[in-house]
Amino acid sequence: MAKDILEKPKGFHDVYFYKPGDDKENTHYCPGCGHGTAHKLIAEALEDFGVADRTIMISPVGCSVFVYYYFATGNIQAAHGRAPAVGTGLKRANPDSIVISYQGDGDLGAIGGNNILQAANRGENITVFFINNAIYGMTGGQMAPTTLLGQKTMTTPYGRSIQNEGYPIKICELLASLESPTYLERVAITDTKHIMKARLAIRKAIKTQIDNKGFSLVEILSPCPTGWRMTPVDAKKWITEKMMDYFKLGVFKDLTKERKPYSPPKMNLNLDEVEEKLGLKEKPPTFPSTMSDIKEQYRNPRIKVAGFGGQGVLMLGNLLAETGMLHDYNVSWLPSYGPEMRGGTANCQVHIDEGQIGSPVVTDSTVLVAMNKPSLDKFEPDVVPGGLILYNTSMIDRKPERTDVEAIPVPATEMADEIGSLRVANMIMIGAYLQKTGILTKDSIFAALDIAIKHKQFIPMNRQAIEAGIEHVKNMD
Amino acid sequence: MTKELIKGNEAVVKGALLAGCKTFFGYPITPASEIAHAAAKFFPILGRTFLQGESEVASINMCYGAASTGVRAMTASSGPGISLKQEGISYAAGSELPIVIIYIMRGGPGLGNIAPEQGDYNQVVKGGGHGNYKTMVLAPNCAQEMCDLTIHAFDVADKYRNPVYVFTDGFIGQMMEPVEFPKARELNIKKDWALLGNRETRDNLVNSIYLDPHELEDHEIHLQEKYREMEENEVMFEEYKLDDAELVTMGFGIVSRILKTTVDKARKKGMKVGLLRPITLFPFPKKQIKDVAEKAKSFLVVELNNGQMVEDVKASIFYSKPVHFYGRMGGVVPSVNELLDKLEEIY
Ligand SMILES: Cc1ncc(C[n+]2csc(CCOP(=O)(O)OP(=O)(O)O)c2C)c(N)n1
């Protein structure tokens, strides 16, 4: 536009150094295009508010993909429709910056529809300028979500029809139905009077962000003489007569007075505090190795724990691994995976080993803890000869068939019931296991309980159950 | 530092926070959701940003925005979600933004299942999105590495201004193992390209458009230079009992763990077998594989997929030795004995 050369707006680069080619003075827009005017109003406002240094402009995909040629601000170019998400990232990472998303109707209303909706609904403290030119300019004049009924475009050669494409989308009205947005207005770039109104709306929207009052959007009805195949004069007339008739100008939401300023609290933690909050400052107690004191067959166990969901199977395994770690062994805990997880049965696989643990999967287990019958049925054959099976006789009405393994019956569910909660049956099994093998000690299990159990009020009952398991095995000897 | 028994998926989050990560943007998907859960728990209490985006498309673009301000940004997802992120990852590679993406694989094309497959090797190692770009891919095989390699991912992402994946399967994410966390670190990385929202950085531009073909070619040549540098400097791998190995097994993630036990068992049977585990999948340890091939007679590559990394192994040794493949799909994980049988068959 010749006009740009004569009076370069405030807030624009003096020379468009990011623009390739020899012409660094003129914009790339077609004669009569509304983008240039909208740019100018925004740039001036940023300068006038004194926030251009703090501003980051997001260039969309569309004719305004080169917003960054012109604005003397920080600039970023975003994927088609994603500017509100990019803006969210920018603003969350640096709440002191002023983030402006500049988008066309294809970008914002079609491909990026959900991104604008969700950013508005989060009340992101960003400002969006939405250029509604009822067409895809950049790609050669195809239908936009805002293309008017009957309007001919490259992809609606017979005119947009209600039956095939539906009605044009009214973005301001749509967003106004959300609680979160602070300021929504539709303006038009036609004559001086309307441009002055647009100027005020643009300023108000930017001010809303500067004041930390949340999401603002200005929809700008904007001429595209090239896409519409009209003269610039006819294009403005078409906006006035056709577009304004469907897209009513006006304020759709204005809570700028009511909304309280909000900016996220700043927290400057030192490194010690970071580690503290991550729970990395606590020193768990340590316990000596037991492996050399215990029978050969109990060393470096590969344990499978199985039962119904709700029997505390995963916790049982977790606690064994946790305790093993306190003895400074290598440990691994792997939960059952796949469809079984949501079905009724659960199992987990635990290694406790003096040496390195290769595969965390337990196929040939040395220990099986079976909390119910299906678990014994399924996993009994996998136990190695000389292995150990602890089985819950409250739920299993048969003995293990294997004669080459050690089998320890534990009426865990009944014992747990006596203590007062079926949920501690798993702890009874742990008590039985440690008394039988000696690989873990009562002290180390209790220490691990303190770490693994979040609700401290349950610790006494769990301890009691572990003791009961220990006594049960003692009485068997 | 203290040791903690922790899931790999949670070790990632603590590692990221110790590495100074400021923002997490994610969208739930099994088996990566625990990462979002842990992030939602820990990021806010450290005054950092956790936000559940409206989709994976949104979350990667939020990372794109956050990373451009110079802060460390991350996301986490699995197959279907990573597919959606590919456009954003391509943009980040083109705009040279450091973003860490945690990828916990699941099974199958389409919705598949949530069992541990490795069918996404080609997707991340060969690009995934559009254009001539590469992402660095780190493949942990234990909870400790889930922490350590996440921290490393942030460092190399910043060093090369490039997206980096931490790429593993559901087993490694869900498994609990002891992790020794390193100390929290102060970050003094100068990013003079970043958009800081101040006067000094007012002329900065984060961008992947180059209309002029020559300019774009220059930009892409620059990107290829970076990838070459990664190949020169960033290869990581683990060797196990390779000194006298006649048969070299290879696998990454959970497979490498199963192979390690298999190698031990095979050795007990008198077979000279070793393990070469790539820790970086890109850059791929081509040179190391070639060196090993000088002495070895053959290779066995095991993957939980239809045979993806195996092609890179063959190419690394210029098809000079037999490279056998054993793969399971659908989330079926081979047992040690199954692999032992295969070893005996080809040894
Ligand atoms: C993912 C993707 N799909 C399609 C395109 C092609 N494309 C570029 S601009 C555009 C339409 C832009 O129209 P609008 O947002 O209305 O902006 P205008 O050009 O009219 O200012 C399209 C479809 C793209 N760049 N990326």
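- Smallest separation of non-hydrogen atoms from Gly74(A) and Leu195(B): CA-CD2, 4.1 Å.
- Side-chain contact check for Val274(A) versus Lys14(B): every heavy-atom pair is 4.5 Å or farther apart.
- Contact check for Leu18(B) versus Glu275(A): side-chain heavy atoms found under the 4.5 Å cut-off.
- Smallest separation of non-hydrogen atoms from Ala85(A) and Ala58(B): CB-O, 3.7 Å.
- With a 4.5 Å cut-off on non-hydrogen atoms, His351(A) does not touch chain B at all.
- Between chain B and the residues Pro84(A), Ala52(A), Pro20(A), the most heavy-atom pairs under 4.5 angstrom are made by Ala52(A).
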Show the numbers, then the answer: is there a side chain to side chain contact (heavy atoms under 4.5 Å, CB included) between Ser68(B) and Leu90(A)?
CA-CA 7 Å; Ser68(B) 69; Leu90(A) 287 165; 3.2 Å; yes
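- If you measure heavy-atom distances from Asn113(B) to chain A, you find no contacts under 4.5 Å at all.
- Remark: Ile56(A) CD1 to Thr201(B) OG1 distance equals 7.0 Å, nearest 0.5 Å.
- Atom CD of residue Glu54(B) and atom CG of residue Asn121(A) lie 10.0 Å apart, to the nearest 0.5 angstrom.
- Interface check for chain A: of the options Ile60(B), Ile45(B), Thr49(B), the most heavy-atom pairs under 4.5 Å are formed by Ile45(B).
- Within 6.0 Å of atom CZ in Phe66(A), more than 12 heavy atoms from other residues, nucleotides or ligands are found, so the atom counts as buried in its surroundings.
- The ring pair (Phe, Tyr, Trp, His ring centres under 6.0 Å) test applied to Tyr91(B) returns no partner, not counting sequence neighbours.
- Counting heavy atoms of neighbouring residues, nucleotides and ligands inside a 6.0 Å radius, atom NZ of Lys41(B) does not exceed 12 of them.
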Evaluation steps, side chain to side chain contact (heavy atoms under 4.5 Å, CB included), between Asn198(B) and Asp53(A):
CA-CA 5 Å; Asn198(B) 61 18; Asp53(A) 282 346; 5.8 Å; no
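- Nearest heavy atom pair, residue Asn61(B) against residue Ala79(A), reads OD1-CB, 4.2 Å.
- With a 4.5 Å cut-off on side-chain heavy atoms, Arg92(A) and Leu51(B) count as touching.
- Looking only at side-chain heavy atoms (C-beta outward), Leu278(A) and Leu17(B) come within less than 4.5 Å of each other.
- The ring pair (Phe, Tyr, Trp, His ring centres under 6.0 Å) search around Phe50(B) returns Phe24(B), not counting sequence neighbours.
- Put simply, CG on Asn114(A) and OG on Ser55(B) are 6.5 Å apart, with the number rounded to the nearest 0.5 Å.
- The two residues Gly197(B) and Ser97(A) make their nearest non-hydrogen contact at CA-CB, 4.4 Å.
- You'll find the side chain of Ile254(B) reaches within 4.5 Å of the side chain of Pro360(A), heavy atoms only.
- Interface check for chain B: of the options Arg122(A), Lys266(A), His13(A), the most heavy-atom pairs under 4.5 Å are formed by Arg122(A).
- Salt bridge annotation for Lys19(A)-Asp212(B): absent, with no cationic side-chain nitrogen under 4.0 angstrom from a carboxylate oxygen.
- Put simply, the side chain of Glu4(B) reaches to within 4.5 Å of the side chain of Leu280(A), judged on heavy atoms.
- By number of non-hydrogen pairs under 4.5 angstrom with chain A, the leading residue of Val336(B), Val57(B), Val255(B) is Val57(B).
- The CD atom of Glu87(B) sits 6.0 Å away from the CZ atom of Arg82(A) when rounded to the nearest 0.5 Å.
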Check step by step if side chain to side chain contact (heavy atoms under 4.5 Å, CB included) holds for Glu186(B) and Leu271(A).
CA-CA 7 Å; Glu186(B) 204 72 72; Leu271(A) 298 180; 3.9 Å; yes
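- Within a 6.0 Å sphere centred on CE of Met329(B), other residues, nucleotides and ligands contribute 12 heavy atoms or fewer.
- In this structure, the portions of Ile357(A) lying under 4.5 Å from any heavy atom of chain B include both its backbone and its side chain.
- For a residue to count as touching a neighbouring chain, one of its non-hydrogen atoms must lie under 4.5 Å from one of that chain's; by this rule Val61(A) touches chain B with the side chain only.
- Note: Trp333(A) leads Tyr68(A), Phe17(A), Tyr18(A), Trp333(A) in heavy-atom pairs under 4.5 Å with chain B.
- Heavy atoms of Pro334(B) lying under 4.5 Å from chain A are absent altogether.
- Contact of the Val206(B) side chain with the Gln77(A) side chain is not registered, since no non-hydrogen atoms from C-beta on lie closer than 4.5 Å.
- Annotation: the span from Arg202(B) atom CZ to Phe71(A) atom CZ amounts to 11.5 Å, rounded to 0.5 Å.
- Contact of Ala452(A) with chain B is not made at all, since no heavy-atom distance falls under 4.5 Å.
- When each of Thr262(B), Val263(B), Leu211(B) is checked for heavy-atom pairs under 4.5 Å with chain A, Leu211(B) comes out on top.
- Legend: residues meeting ring pair (Phe, Tyr, Trp, His ring centres under 6.0 Å) with Phe49(A), ordered by chain and number and at least two apart, are absent.
- Contact of Asn318(A) with chain B is made through backbone and side chain together, with heavy-atom distances under 4.5 Å.
- Judged by distance alone, with hydrogens and angles left aside, the side-chain atoms of Asn94(A) form a donor-acceptor pair with the main-chain N or O of Leu196(B) at under 3.5 Å.
- Between chain A and the residues Leu205(B), Asp264(B), Val333(B), the largest count of heavy-atom pairs under 4.5 Å involves Leu205(B).
- Heavy atoms of other residues, nucleotides or ligands lying less than 6.0 angstrom from CG of Asp23(A) number more than 12.
- Contacts between residues 323-331 of chain A and chain B, counted as heavy-atom pairs separated by less than 4.5 Å, involve Met325(A), Asp328(A), Val331(A).
- Taking 4.5 Å as the limit, some side-chain heavy atom of Gln356(A) sits within range of a side-chain heavy atom of Lys260(B).
- No part of Arg106(B) comes within reach of chain A, as not one of its non-hydrogen atoms sits under 4.5 angstrom from that chain.
- Counting heavy-atom pairs closer than 4.5 Å to chain A, the top-ranked of the candidates Thr261(B), Asn141(B), Ile209(B), Thr23(B) is Ile209(B).
- At least one donor-acceptor pair closer than 3.5 Å links the side chain of Arg257(B) to the backbone N or O of Gly358(A).
- Your options are Asn204(B), Leu259(B), Val71(B), and the one with the most heavy-atom pairs under 4.5 Å with chain A is Asn204(B).
- When heavy atoms are compared at a cutoff of 4.5 Å, Thr363(A) approaches chain B solely by way of its side chain, counted from C-beta outward.
- For Glu276(A), no part sits under 4.5 Å from any heavy atom of chain B, backbone or side chain.
- Residue-environment remark: CD (Glu217(B)) stays at or below the threshold of 12 foreign heavy atoms within 6.0 Å.
- Asn115(A) touches chain B through backbone and side chain together, each having a heavy atom under 4.5 Å away.
- Using a 4.5 Å cut-off between heavy atoms, Glu200(B) makes no contact with chain A at all.
- From Asn268(A), atom CG reaches atom CG of Leu46(B) across 12.0 Å, with rounding to the nearest 0.5 Å.
- Contacts of Tyr64(B) with chain A are made by both backbone and side-chain atoms, with heavy-atom separations under 4.5 Å.
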